[in-house]
Amino acid sequence: MFCKVLATVLSTWILCSCVLNGMYEKTTYVVNTEKSSETSGTNRAVMSFEVFLQQAEGGYLRGTYILAPGIYQLIKPLQIISPDVRLIGNEEVIFEGGGTGHGLVLGHSNIDISNISFRDIRNCVTVKKQSYVSNISITGITANNVHDCILIDRSIDSTVKNWLISDLKVTNYYRSAVRIAGAGTKRIILSNFSLDGGKSKGYCWKGGIQIYERASHINIFDGRIVNNIGSCGSNYPQGDGIEIDDKDGAPHDISIVNVIVGDSRDGNFDLKGSNIFMKDVISASSGFTKAGFRLWNYDYVCKSCSLEGEFQVPVELNRARLNPQMKDTSHKHGIQSLNVYRNI
C-alpha cells in the first residue's frame, strides 16, 4: 500500500514538474547591493536585493531569481505572495535574521526554493494565514540556530498540499526542525534530511518532526534525527524525535521509512495518529532516552524496526496495538510478545 501511495504522489510531482518548467522562463539575477534594477552588459536582468524585497512585498515576482553569493539580512519576512516563482541560491547564499527575524513566508502556489542557507533566524519557510499554497519544492536547504525551520503552523486556516522537501539539514533548532499541521495540509514528502537539535536544551516540547491537527498523507523517508532535549526545569523531561499528536484531530495516512532517530529525551517515536506505517526504522539511545517507541490510541504497523541501546521503556503501548514485525538489536529477547511491555 505504501508503495502505491508513494508512487501516486511522485507521479503527481513529475506531472507538476513538467507543467512548471514552462513557468520560469524569465530569469533575473539578484545582487546584495543597493543599486536599482538594471540590465548588465551581458544582457542579463540584474536586480538589487532591496528592489527584490519591494517586488516580493507587492506581489510582483514572476519567473526565476538567482541570488548572488553573499549574506542577506532579513529585517522583516520575505513574503512570496505571487505564483510561479523560483528562488535559487548561486553558491553560498545565507539569509540572516538577527535571531528574531522571519525567513520566507509563502502565500501562493508553484514556488521552487533551492540552495539557500538560513542562520540566526526564527523560521526558514512558513505559510501565510488564509492562503492556498500548493506545488512547492524546497531542496538543498541548510539551517543553523533557528526556532523552527519548515513551519506549517496550526490554526492558520490555509490549504497546503503537494510539497516536496528534500536535502534538508537543520542544526541547533530551538523548538522543531519541521512542524506540519492543519486539516488542509496534505500530500507532503520529506526526504534525505538530517536534523540535529544540538546538545543544548531547547523549548520544553522540542521535536525533530512534529505533525499536528489532522495533517495527512505525509511520506517521511531517508533521514536522521538526533538530540531532541526539551528544557522543562524540574517537570517531566520532554523532547521527541518524531511526534504525532491528535489533540486537535488525529493526523493520518503517514509513512516513515528508512529513518534513524536517536537520543531524544522522552520518546524517539511518540505517535498519536491513525494509519501510520513504519519500515526499516531504528530507534537508538546512548542511555538517557526514556522510550524507543511510544504509541497511542490507534493501530500501528512497523516492519523491520530496530532498537539500539538502552531505554527505560523500549516499547510503550497506550491503548494502542502494534503489528509485531520488529527486531531488537539491544536486548537478548526479541519483541515478539507484546505483553512484556507496558500496556495502559
Side-chain angles (χ1 to χ4, degrees), residues 5-6 8-13 15-17 19-20 23 56 59 61 77-87 102-114 116 118 122-139 141 143 146-168 170 175-191 193 195 207-221 242-256 273-276:
V5 172
L6 183 57
T8 301
V9 175
L10 291 176
S11 297
T12 302
W13 265 102
L15 176 61
C16 289
S17 297
V19 174
L20 292 177
M23 294 182 177
L61 296 182
L78 169 51
Q79 298 200 43
I80 303 179
I81 55 177
S82 52
D84 311 332
V85 175
R86 175 179 289 167
L87 187 60
H102 292 267
L104 310 184
V105 180
L106 307 186
H108 221 302
S109 300
N110 303 331
I111 298 170
D112 184 348
I113 302 162
S114 61
I116 296 175
F118 295 83
R122 186 170 179 84
N123 311 118
C124 305
V125 179
T126 63
V127 173
K128 184 179 176 64
K129 290 184 177 180
Q130 298 181 331
S131 59
Y132 187 97
V133 182
S134 67
N135 301 335
I136 305 298
S137 175
I138 301 173
T139 61
I141 298 300
V146 297
H147 191 282
D148 311 274
C149 188
I150 307 298
L151 175 60
I152 305 171
D153 213 348
R154 291 181 280 195
S155 304
I156 60 173
D157 193 25
S158 294
T159 297
V160 180
K161 63 181 183 179
N162 297 345
W163 281 43
L164 173 61
I165 306 165
S166 65
D167 300 310
L168 174 69
V170 189
R175 177 165 183 177
S176 66
V178 178
R179 189 152 82 251
I180 300 170
T185 300
K186 59 186 66 177
R187 296 200 294 274
I188 309 292
I189 294 177
L190 173 60
S191 69
F193 57 89
L195 314 177
I209 298 173
Q210 298 175 328
I211 304 175
Y212 300 143
E213 202 180 54
R214 292 181 288 168
S216 67
H217 299 89
I218 299 168
N219 293 307
I220 301 168
F221 59 94
I242 297 180
E243 177 198 4
I244 301 175
D245 191 82
D246 63 356
K247 179 180 178 181
D248 297 308
H252 59 89
D253 296 292
I254 299 168
S255 61
I256 305 169
S274 65
N275 196 22
I276 294 179

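The shown structure was predicted, so the numbers you read here are calculated from the model rather than taken from an experiment. When reading the values below, keep in mind they use all heavy atoms of this one structure, side chains included, and skip hydrogens, waters and symmetry mates.
- Inter-residue side-chain proximity for Val178 and Ile220 is flagged as unmet; no heavy-atom pair is nearer than 4.5 Å.
- Taken to the nearest 0.5 Å, the CD1 atom of Ile138 stands 10.5 Å off from the OG atom of Ser114.
- Contact detail for Ile81 and Lys128: the closest heavy-atom pair is CG2-CD, 4.1 Å.
- Looking at heavy atoms from C-beta onward, Ser155 lies in side-chain contact with Glu213 at the 4.5 angstrom threshold.
- Side chains of Val146 and Asn123 form no contact here, defined as non-hydrogen atoms less than 4.5 Å apart.
- Taking 4.5 Å as the limit, some side-chain heavy atom of Tyr132 sits within range of a side-chain heavy atom of Ser109.
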Checklist entry - Run the side chain to side chain contact (heavy atoms under 4.5 Å, CB included) check on Leu195 and Leu168 step by step: do they pass? => result CA-CA 8 Å; Leu195 314 177; Leu168 174 69; 4.2 Å; yes

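- The shortest side-chain heavy-atom distance between Pro251 and Ile218 does not fall under the 4.5 Å cut-off.
- Once rounded to the nearest 0.5 Å, the distance linking CD1 of Ile80 with CG of Leu87 reads 5.5 Å.
- Without hydrogens or angle criteria, Ser158 side chain to Ser131 main chain gives a donor-acceptor distance under 3.5 Å.
- Closest non-hydrogen pair, Ala143 versus Cys124, comes out as CB-SG, 3.5 Å.
- Using a 4.5 Å heavy-atom threshold, the side chains of Thr126 and Asp153 count as separate.
- Here the closest heavy-atom approach between residue Ile152 and residue Thr185 is recorded as CG2-OG1, 3.6 Å.
- Note that CD1 of Ile211 and CD1 of Ile256 are 6.5 Å apart. Values are rounded to the nearest 0.5 Å.
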Checklist entry - Step by step, would you call Leu151 with Arg179 a side chain to side chain contact (heavy atoms under 4.5 Å, CB included)? => result CA-CA 5 Å; Leu151 175 60; Arg179 189 152 82 251; 3.4 Å; yes

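- Looking only at side-chain heavy atoms (C-beta outward), Ile165 and Phe193 stay at 4.5 Å or farther from each other.
- Distance check, rounded to the nearest 0.5 Å: NZ of Lys186 to CZ of Arg214 gives 10.0 Å.
- Nearest approach of Val127 to Val105, heavy atoms of both residues: C-CG1, 4.2 Å.
- Counting only N and O atoms by type, the side chains of Asn162 and Ser134 include no donor and acceptor under 3.5 Å apart.
- We find the CG-OH distance between Asp248 and Tyr212 to be 10.5 Å, quoted to the nearest 0.5 Å.
- With rounding to the nearest 0.5 angstrom, the CG atom of Asn135 is 5.0 Å from the CG atom of Asn110.
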Item to check | Test side chain to side chain contact (heavy atoms under 4.5 Å, CB included) applied to Arg175 and Gln210, step by step | outcome: CA-CA 10 Å; Arg175 177 165 183 177; Gln210 298 175 328; 4.0 Å; yes

Checklist entry - What do the steps show when you test Leu106 against Ile113 for side chain to side chain contact (heavy atoms under 4.5 Å, CB included), and what is the final call? => result CA-CA 11 Å; Leu106 307 186; Ile113 302 162; 4.0 Å; yes

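- At a threshold of 4.5 Å between non-hydrogen side-chain atoms, the residues Trp163 and Ile180 do not count as touching.
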